[in-house]
Trainee: 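What follows is a single structure, and I will ask about it in a moment.
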Amino acid sequence: MCFFSLKPKTQNTRTKNIKMACQDWPEPVVRVQALAESGLSSIPERFIKPMSQRSPNQGSNTENINIPVIDLQHLYGEDQRLREETLKLVSEACREWGFFQVLNHGVSHDLMKRAREVWREFFHQPVEVKEKYANSPITYEGYGSRLGVKKGAILDWSDYFFLHYMPCSLRNQEKWPSLPTSLRDVIAEYGEQVVKLGGRVLQLLSINLGLREDFLLNEFGGENDVGACLRVNFYPKCPQPDLTLGLSSHSDPGGMTILLPDDYVSGLQVRRGEDWITVKPVPNAFIINIGDQIQVLSNAIYKSIEHRVIVNSNKDRVSLAFFYNPRSDLLIKPAKELVTKDRPALYPPMTFDEYRLYIRTKGPSGKAQVESLTPQT
């Protein structure tokens with residue numbers, strides 16, 4: 001989830017009041033990695049989720065199910081039939097799942113491996129090194145351990161590092177970790193390649209919606225003005241994984257998420273009806289999911305899907321979530337080409353800045369945010 005500084009021209013009384021309330025965390029921040037490494041045998045009460053939110057053991061009816069896996073190699077070849085088949089697979093995945101994995105995506109496999117490794121090294125630096133980058137609710141940029149600012153909230157079992165990548169005016173490498181020494185260069189190169197992938201995927205989504213292939217990219221602000229940010233998640237091993245979650249159920253508030261999962265430990269779960277499907281990552285694949293802003297722009301033809309992260313009692317887990325978002329001050333509303341008499345606009349115009357304040361105060365809340373915008377009948 002990407003949070004930029006609010007621009008004066010988009011602020012109103014509500015955003016100013018919430019921003020004033022977000023100057024600091026409501027209580028002392030607890031580093032989950034430090035808790036895990038202390039050798040505790042039971043987790044503190046503030047991490048214990050209500051029974052209804054916990055992750056039960058998955059039954060046999062879901063263990064053999066996985067999100068779609070799509071090979072993109074034919075999209076730019078000369079065989080029109082194979083190109084159309086690939087487009088159809090992407091369309092079906094967006095409409096039926098909201099999640100899919102992509103192979104032959106154009107990002108270097110070696111770079112993917114180095115990106116994971118360098119961030120794993122960062123989280124195993126001494127605590128004083130990491131604390132130099134401690135964040136606040138104002139921007140979330142830096143080293144953190146919670147999202148919402150609601151006092152007394154039940155917390156997730158995870159730490160993270162959040163940084164801005166685009167637009168370039170918000171990219172400040174001095175706020176990126178200087179250790180390991182290769183981190184800044186690796187992430188600059190990684191971000192460049194993943195942004196290109198995001199642009200290609202937006203083209204596919206636009207075409208499948210019957211829009212100009214550059215429609216979604218332009219609605220996001222254009223090639224140089226999209227919002228892009230990275231949240232690196234560290235999920236420490238947990239002595240009581242059945243009582244908590246690494247990340248609570250939510251849909252992503254932005255446009256689209258491109259996730260580099262852990263090579264060794266599964267953890268992402270996607271909601272499908274009443275079931276939670278544990279995603280089985282394919283080697284060298286990215287996991288892509290639709291965010292709330294594309295749900296709005298597509299007038300709910302494509303829907304963002306609830307997902308969450310479970311934790312492990314034996315192994316730590318690292319993942320890199322790259323958020324490809326609209327420019328923060330642009331009004332986002334359903335595309336007029338997708339609004340008809342039989343399917344009126346389901347959502348009011350709203351900037352991304354205004355939209356994401358909900359999560360800034362409450363933290364992850366399922367699909368409550370986007371559903372609150374639809375007309376009540």
Side-chain angles (χ1 to χ4, degrees), residues 2 66-94 97-119 163 165-168 171 182 184-209 212-218 220-232 252 254-263 268 279 281-291 294 302 318-325:
C2 183
N66 200 13
I67 63 174
V69 180
I70 303 173
D71 192 329
L72 302 182
Q73 66 175 325
H74 299 300
L75 282 174
Y76 306 101
E78 296 180 359
D79 192 319
Q80 184 65 19
R81 181 183 61 84
L82 292 176
R83 182 176 186 273
E84 290 177 355
E85 286 181 2
T86 305
L87 280 167
K88 181 180 178 182
L89 291 173
V90 173
S91 178
E92 291 173 348
C94 291
W97 281 90
F99 270 82
F100 54 99
Q101 299 189 64
V102 293
L103 292 164
N104 289 311
H105 39 65
V107 179
S108 160
H109 295 172
D110 175 68
L111 181 58
M112 295 165 71
K113 180 181 178 181
R114 285 188 286 128
R116 269 189 301 251
E117 289 176 347
V118 78
W119 279 109
L163 57 85
Y165 190 79
M166 289 187 72
C168 292
R171 189 189 309 173
S182 62
R184 292 177 179 177
D185 288 341
V186 169
I187 294 309
E189 183 182 359
Y190 178 82
E192 181 179 358
Q193 292 196 21
V194 176
V195 165
K196 290 179 180 178
L197 172 60
R200 291 193 294 269
V201 174
L202 283 189
Q203 285 184 336
L204 305 182
L205 270 56
S206 296
I207 292 169
N208 283 333
L209 287 168
R212 301 184 316 275
E213 69 174 30
D214 61 354
F215 178 85
L216 287 175
L217 180 60
N218 288 338
F220 275 38
E223 186 175 0
N224 295 320
D225 280 335
V226 298
C229 45
L230 176 69
R231 176 179 150 124
V232 184
D252 290 344
M256 174 177 63
T257 303
I258 302 172
L259 178 74
L260 179 60
D262 195 289
D263 255 352
L268 175 65
V279 175
V282 174
N284 299 318
F286 282 104
I287 298 170
I288 295 178
N289 66 278
I290 301 298
I294 286 181
Y302 296 160
V318 173
S319 68
L320 281 67
F322 198 90
F323 302 107
Y324 198 102
N325 297 327

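Every heavy atom of this structure was used, including side-chain atoms; hydrogens, water molecules and symmetry mates were not. Note that the numbering runs from 1 along the sequence shown for the chain.
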Trainee: Would you find a donor on one side and an acceptor on the other, under 3.5 Å apart, between the side chain of D262 and the backbone of V318?
Mentor: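 Judged by distance alone, yes, a pair lies under 3.5 Å.
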
Trainee: Sequence neighbours left out, what passes ring pair (Phe, Tyr, Trp, His ring centres under 6.0 Å) with F286? Give chain and number order.
Mentor: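 Ring pair (Phe, Tyr, Trp, His ring centres under 6.0 Å) list for F286, sorted by chain: H105.
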
Trainee: If I take atom CD from residue E85 and atom CG from residue L75, how far apart are they, to the nearest 0.5 angstrom?
Mentor: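 One finds 11.5 Å between CD of E85 and CG of L75.
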
Trainee: Would you say that F100 contacts I67 through its side chain, given a criterion of any heavy-atom pair below 4.5 Å between the two side chains?
Mentor: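 A side-chain contact under 4.5 Å is absent here.
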
Trainee: Mind listing the closest non-hydrogen atom pair of A93 and P68 along with its distance?
Mentor: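 Smallest interatomic distance, heavy atoms only, reads CB-CG, 4.0 Å.
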
Trainee: Run the side-chain contact (heavy atoms from CB on, under 4.5 Å) test on W119 and L230 for me, step by step, so that the C-alpha distance in whole Å, both residues' side-chain angles and the decisive distance to 0.1 Å come before the verdict.
Mentor: CA-CA 12 Å; W119 279 109; L230 176 69; 4.1 Å; yes

Trainee: Main chain of V282, side chain of Q101: is a donor-acceptor contact present, judged purely on distance under 3.5 Å?
Mentor: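 Judged by distance alone, yes, a pair lies under 3.5 Å.
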
Trainee: At their closest point, which heavy atom of M256 faces which heavy atom of V201, and how far apart are they?
Mentor: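 Residues M256 and V201, closest heavy atoms: SD-CG1, 3.4 Å.
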
Trainee: Mind checking what makes salt bridge (charged side-chain N to carboxylate O under 4.0 Å, His left out) contact with E117, not counting sequence neighbours?
Mentor: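 Partners of E117 by the salt bridge (charged side-chain N to carboxylate O under 4.0 Å, His left out) criterion come out as none, since no residue qualifies.
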
Trainee: Rounded to the nearest 0.5 Å, what's the gap from CD1 on I287 to CD1 on I258? Could you check?
Mentor: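 One finds 12.0 Å between CD1 of I287 and CD1 of I258.
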
Trainee: Partners of E213 by salt bridge (charged side-chain N to carboxylate O under 4.0 Å, His left out), sequence neighbours excluded?
Mentor: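 Per chain and number, E213 pairs via salt bridge (charged side-chain N to carboxylate O under 4.0 Å, His left out) with no residue.
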
Trainee: Heavy atoms only: give me the nearest V118-A115 pair and the separation to one decimal.
Mentor: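 Residues V118 and A115, closest heavy atoms: CG1-O, 3.4 Å.
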
Trainee: Is any side-chain heavy atom of L205 closer than 4.5 Å to one of C94?
Mentor: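 Counting from C-beta outward, C94 and L205 do come under 4.5 Å.
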
Trainee: Output all residues satisfying side-chain contact (heavy atoms from CB on, under 4.5 Å) with L89, sequence neighbours left out; order by chain, then residue number.
Mentor: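 Partners of L89 by the side-chain contact (heavy atoms from CB on, under 4.5 Å) criterion, ordered by chain and then number, come out as I70, E92.
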
Trainee: Quick one: list whatever passes ring pair (Phe, Tyr, Trp, His ring centres under 6.0 Å) with F220, sequence neighbours left out.
Mentor: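 Residues passing ring pair (Phe, Tyr, Trp, His ring centres under 6.0 Å) with F220: none at all.
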
Trainee: Taking all non-hydrogen atoms of both residues into account, name the closest pair between G227 and P167 and its distance.
Mentor: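 Where G227 meets P167 most closely, the heavy atoms are CA-CD, 4.3 Å.
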
Trainee: Under the rule for salt bridge (charged side-chain N to carboxylate O under 4.0 Å, His left out), what residues qualify as partners of R171, not counting sequence neighbours?
Mentor: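 If we apply the salt bridge (charged side-chain N to carboxylate O under 4.0 Å, His left out) test to R171, skipping adjacent residues, there are no hits.
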
Trainee: Check whether N325 reaches the backbone of G255 with its side chain - one donor and one acceptor, N or O, closer than 3.5 Å.
Mentor: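 Yes.
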
Trainee: Without swapping roles, check the side chain of S91 against the backbone of L87 for a donor-acceptor pair under 3.5 Å.
Mentor: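 Between the backbone of L87 and the side chain of S91 there is no qualifying donor-acceptor contact (under 3.5 Å).
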
Trainee: Quick one: which residue pairs count as a side chain to side chain donor-acceptor pair (under 3.5 Å) with a foot in residues 67-80, not counting sequence neighbours?
Mentor: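 Every pair satisfying side chain to side chain donor-acceptor pair (under 3.5 Å) with a residue in residues 67-80: D71-Q73, D71-N104, Q80-E84.
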
Trainee: Going by the rule side chain to side chain donor-acceptor pair (under 3.5 Å), which residues pair with N208 if we only count those two or more places apart in sequence or in a different chain?
Mentor: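 Side chain to side chain donor-acceptor pair (under 3.5 Å) check on N208 returns nothing, list empty.
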
Trainee: For R116, check side-chain contact (heavy atoms from CB on, under 4.5 Å) against everything at least two apart and list the hits.
Mentor: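 Testing R116 for side-chain contact (heavy atoms from CB on, under 4.5 Å), a comparison that skips the adjacent residues, returns L260, D263, L320.
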
Trainee: When you measure from the side chain of T257 to the backbone of N289, do you find a donor-acceptor pair of N or O atoms at a distance under 3.5 Å?
Mentor: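 Not confirmed, T257 side chain does not pair with N289 backbone.
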
Trainee: Of all residues at least two apart in sequence or in a different chain, which pass the side-chain contact (heavy atoms from CB on, under 4.5 Å) check with D185?
Mentor: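 side-chain contact (heavy atoms from CB on, under 4.5 Å) list for D185, sorted by chain: empty.
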
Trainee: Going by side-chain contact (heavy atoms from CB on, under 4.5 Å), name the residues that satisfy it together with N284, two or more places apart in sequence or in a different chain.
Mentor: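 Expected list: H109.
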
Trainee: Could you list the donor-acceptor pairs under 3.5 angstrom formed by side chains in residues 191-199, with sequence neighbours left out?
Mentor:
| from | atom 1 | to | atom 2 | distance (Å) |
| --- | --- | --- | --- | --- |
| Q193 | OE1 | S108 | N | 3.0 |

Trainee: So how far is it from I290 CD1 to Y302 OH, rounded to the nearest 0.5 Å?
Mentor: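 If we round to the nearest 0.5 Å, I290:CD1 and Y302:OH are 7.0 Å apart.
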
